[in-house]
Amino acid sequence: MQTDDTEGRGRAVTVEHLLDSAEHAYLRAEFSVVRPLLQRLQNTFGTPGDDNTGARYAVLRAAVAARVGNWPEAVRRCPDSDLHLAATGVVHGLAVSTLRRLGEEGGRHADFGTAALAIVLWAHLLDEDDPGNFRALLTQRRGAPVPDELWGDARRHLQGRITDLLHGLDVRAGRDVLAAWETAWAVERAELGVVSPDTGADGLVPLGDAGRYLLSDGRGAALLHAYTARHPDPATWTAGSPDHHACADVLAQALAGRGRAEVPAGRWSEALSDFSTAARLGHTLDSGDRAAVLRAAKSVGRGLTARDYSPVTRIQGLELAHALLPEDGSLAAGLTAELVRQGRKVFGDDPRQSRNRFARALVVSPGDRDARSGLDDHLRADLRRVLDGAPPQEKVRAEAVRDLLRRDADCAPARKWLRDRNAEWAVAAAHDGHMAAARSAARRVLEYGGGKGPYDEELVSGVLVGLLVDEARTSGAENTRAGRERRVGLLSTAVGIAGPTRDRVKEEFETAVLELAEHLEETASPSDVIELFLRDLLRTGRSARFDQTVKAAYLRRAQAREDEGDPGGARRDRACAQRIGGERPDQGMLFGPAPRLHRRPHPHPHPRRDRDLGEETLF
């Protein structure tokens with residue numbers, strides 16, 4: 001691309017010609033000439049693209065912007081690559097300006113962009129391969145070649161000066177080694193990453209690049225210190241976490257290295273913790289790591305004296321070691337033995353912890369007899385508490401008791417508990433109408449009670465009836481409507497099952513119905529008594545007391561309806577009352593009406609409640 005010279009001399013003007021002229025003017029410090037040349041280039045040819053002229057143009061524009069203090073423009077313009085295409089003198093001039101800017105007033109005006117620019121430019125100029133031919137520039141300015149030893153010393157001295165400046169700025173700003181500009185300077189010189197002001201809050205280089213440099217420089221401890229300050233809970237460090245993915249590999253290597261160093265120092269727990277975190281971050285233990293883990297596991301929690309022994313520390317350490325080397329049988333055996341030992345030690349003082357120790361030992365070593373024995377002892381103790389009427393330490397489960405009985409067939413508490421539980425299940429199932437389940441539970445009652453099978457149906461029915469009657473008597477002892485209702489329901493079920501004992505059970509059932517009716521008469525409304533009667537649990541004529549109670553309920557409700565202005569309802573209730581007991585002979589009972597049991601005065605007696613209902617009596 002070219003154009004005629006505007007001065008009319010006929011010489012072709014190209015982008016390269018204008019760039020050459022601008023670079024020469026900059027190097028001669030003719031800064032007033034540089035900007036017009038660059039403006040003419042842009043007006044004539046446009047902004048150079050990504051070709052070779054692009055880097056030269058960008059560096060010049062950045063250098064001019066830096067000269068007038070427009071550092072945001074300088075940072076934006078200057079590329080981070082292809083610097084070897086630009087004039088070395090321009091790159092050097094811009095690099096010197098950035099250092100001065102960073103050093104102004106103790107770095108008060110320093111920012112990430114300027115620091116990134118200084119690091120990239122000086123890393124390019126002081127590169128050992130000298131891609132920009134900086135040494136040639138110095139030779140030209142000195143007028144004599146630079147000796148090798150002088151060149152090397154000068155490079156190291158200048159690198160040290162820049163390092164000191166960046167370190168001082170880091171200290172003032174409180175940046176850790178992962179975000180330090182000094183670290184970014186070392187990373188850029190080592191070509192481990194790319195410095196950019198847009199990397200983010202972590203620093204001028206990506207976190208992973210900074211970590212790799214620190215690890216390769218033997219500063220793994222500094223890396224871990226800084227990372228732990230940012231993320232205080234190493235338990236959350238996992239390779240799959242977005243927060244730790246970028247640094248997972250270098251963190252794992254640093255942790256493994258620290259773990260190996262802690263073992264000779266006797267920091268067993270710390271070493272195992274570091275190896276565990278490293279494994280969680282994706283580290284695979286090599287032979288040296290495995291040996292360190294085994295050595296730490298052997299001594300963790302143990303001191304030189306018995307007083308220094310810490311069972312909690314030892315168990316935690318062995319757990320970590322076992323998780324790292326699950327295939328190692330010695331670790332599993334050691335952990336199991338320690339868990340059982342501590343389970344026995346706190347058996348009476350802390351039953352929950354004791355159970356947990358035994359249960360964990362069984363997970364580590366399935367089938368371990370000592371661990372199983374410990375859990376069985378806890379279960380036996382709980383069974384004895386339940387049978388004595390006390391609450392257990394842990395909820396007793398039927399399957400666990402059956403397992404115990406399979407291991408110890410002579411365990412009387414287990415048999416008694418299972419018999420009682422099956423008795424409860426049999427009653428509940430029968431009461432709900434699930435007869436097959438009820439009979440099955442009744443058979444188990446016989447079995448756990450010491451009976452010898454097989455059991456015929458008559459025997460099973462007899463057991464089931466007996467359980468229902470016993471439960472009914474317990475429910476009937478409660479002087480509540482619910483208790484008496486339950487008693488009637490249980491005995492009704494028993495009547496349906498009873499064989500040869502049917503008459504005796506039916507008699508008890510009828511008594512329960514009668515007592516429920518009298519309870520309702522005392523505590524509820526006449527309608528509740530009538531509703532019980534309409535359930536047809538006890539037919540009229542079977543019990544004079546029941547008939548009398550129902551008849552009285554009809555008459556009381558008739559009187560109440562009459563008082564409320566419902567003569568039709570009153571007539572119907574009196575007609576029903578008249579029919580109650582109509583099948584009985586007209587003559588009175590020989591010794592008068594039977595006395596009512598447990599009658600208490602009605603809390604709200606009706607004025608006509610105790611009137612003569614017409615029953616004939618001899619006395």
Side-chain angles (χ1 to χ4, degrees), residues 221 224-225 227-228 231-239 241 244 248 251-252 254-286 288-368 370-372 374-375 378 394:
L224 293 172
H225 178 77
Y227 201 84
T228 304
H231 306 278
D233 186 7
T236 64
W237 299 3
T238 58
S241 170
H244 308 292
L251 280 175
L255 286 164
R258 189 171 72 180
R260 288 190 295 271
E262 285 167 337
V263 169
R267 294 190 291 271
W268 320 113
S269 294
E270 292 84 349
L272 291 168
S273 178
D274 281 344
F275 281 121
S276 179
T277 307
R280 200 165 55 248
L281 288 167
H283 179 70
T284 301
L285 274 64
D286 59 23
D289 296 336
R290 294 168 66 88
V293 168
L294 290 172
R295 182 179 173 188
K298 182 179 180 181
S299 302
V300 65
R302 292 174 172 171
L304 297 177
T305 64
R307 187 174 56 186
D308 298 329
Y309 173 71
S310 172
V312 174
T313 301
R314 178 146 183 79
I315 289 174
Q316 290 174 345
L318 287 170
E319 288 279 14
L320 292 176
H322 177 61
L324 289 166
L325 302 175
E327 71 284 356
D328 191 289
S330 64
L331 289 177
L335 175 57
T336 301
E338 192 65 36
L339 288 167
V340 170
R341 185 182 300 114
Q342 295 309 312
R344 287 294 181 192
K345 186 174 181 180
V346 299
F347 188 95
D349 298 332
D350 192 344
R352 175 163 294 184
Q353 183 188 120
S354 178
R355 288 176 186 271
N356 291 340
R357 297 297 193 209
F358 290 133
R360 176 58 185 158
L362 277 180
V363 172
V364 175
S365 299
D368 184 81
D370 293 333
R372 171 51 64 191
L375 284 178
H378 275 293
E394 294 286 338

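- Arg357 contributes no side-chain N or O that, together with a main-chain N or O of Val340, makes up a donor-acceptor pair within less than 3.5 Å.
- In terms of heavy atoms, Pro264 sits closest to Ala261 at CD-O, 3.3 Å.
- Rounded to the nearest 0.5 angstrom, Ser354 OG and Leu375 CG are separated by 8.0 Å.
- For His378 and Phe347, the distance between ring centers is under 6.0 angstrom.
- Between Pro234 and Thr277, the closest heavy-atom pair is O-CG2, 3.8 Å.
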*List the steps, then state whether side-chain contact (heavy atoms from CB on, under 4.5 Å) holds for Asp289 with His283.*
CA-CA 10 Å; Asp289 296 336; His283 179 70; 2.8 Å; yes
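- Ser365 and Thr336 make their closest contact through OG-OG1, 2.6 Å (heavy atoms, listed as atom of the first residue, atom of the second, distance).
- With sequence neighbours excluded, no residue forms a ring-ring contact (aromatic ring centres under 6.0 Å, His included) with His225.
- Minimum heavy-atom separation, Leu272 to Ala321: CD2-CB, 4.1 Å.
- Taken from CZ in Arg360 to CD in Gln353, the straight-line distance is 14.5 Å, to the nearest 0.5 Å.
- Distance alone, capped at 3.5 Å, is enough to place a donor-acceptor pair between the Arg280 side chain and the Trp237 backbone.
- Here the closest heavy-atom approach between residue Asp370 and residue Arg344 is recorded as O-NH2, 4.2 Å.
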*Decide side-chain contact (heavy atoms from CB on, under 4.5 Å) for Leu294 and Leu331; before the verdict, give the C-alpha distance in whole Å, the side-chain angles of both, and the deciding distance to 0.1 Å.*
CA-CA 8 Å; Leu294 290 172; Leu331 289 177; 3.9 Å; yes
*Give the intermediate values and the outcome of side-chain contact (heavy atoms from CB on, under 4.5 Å) for residues Gln342 and Arg314.*
CA-CA 11 Å; Gln342 295 309 312; Arg314 178 146 183 79; over 6 Å; no
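- Heavy-atom minimum distance, His244 versus Tyr227: ND1-OH, 2.7 Å.
- Leu339 pairs with exactly one of Ile315, Leu318, Asn356, Val363 by the side chain to side chain contact (heavy atoms under 4.5 Å, CB included) rule, that one being Ile315.
- Using a 4.5 Å heavy-atom cutoff, the side chains of Glu327 and Leu325 are in contact.
- Of the inter-residue distances, the one linking Glu319 atom CD with Ser276 atom OG reads 11.0 Å to the nearest 0.5 angstrom.
- To the nearest 0.5 angstrom, Arg302 atom CZ is 13.0 Å from Thr313 atom OG1.
- The shortest side-chain heavy-atom distance between Leu320 and Phe275 does not fall under the 4.5 Å cut-off.
- Counting only residues at least two apart or in different chains, side-chain hydrogen bond (donor to acceptor under 3.5 Å, both in side chains) contacts with residues 266-275 comprise Arg258-Asp274.
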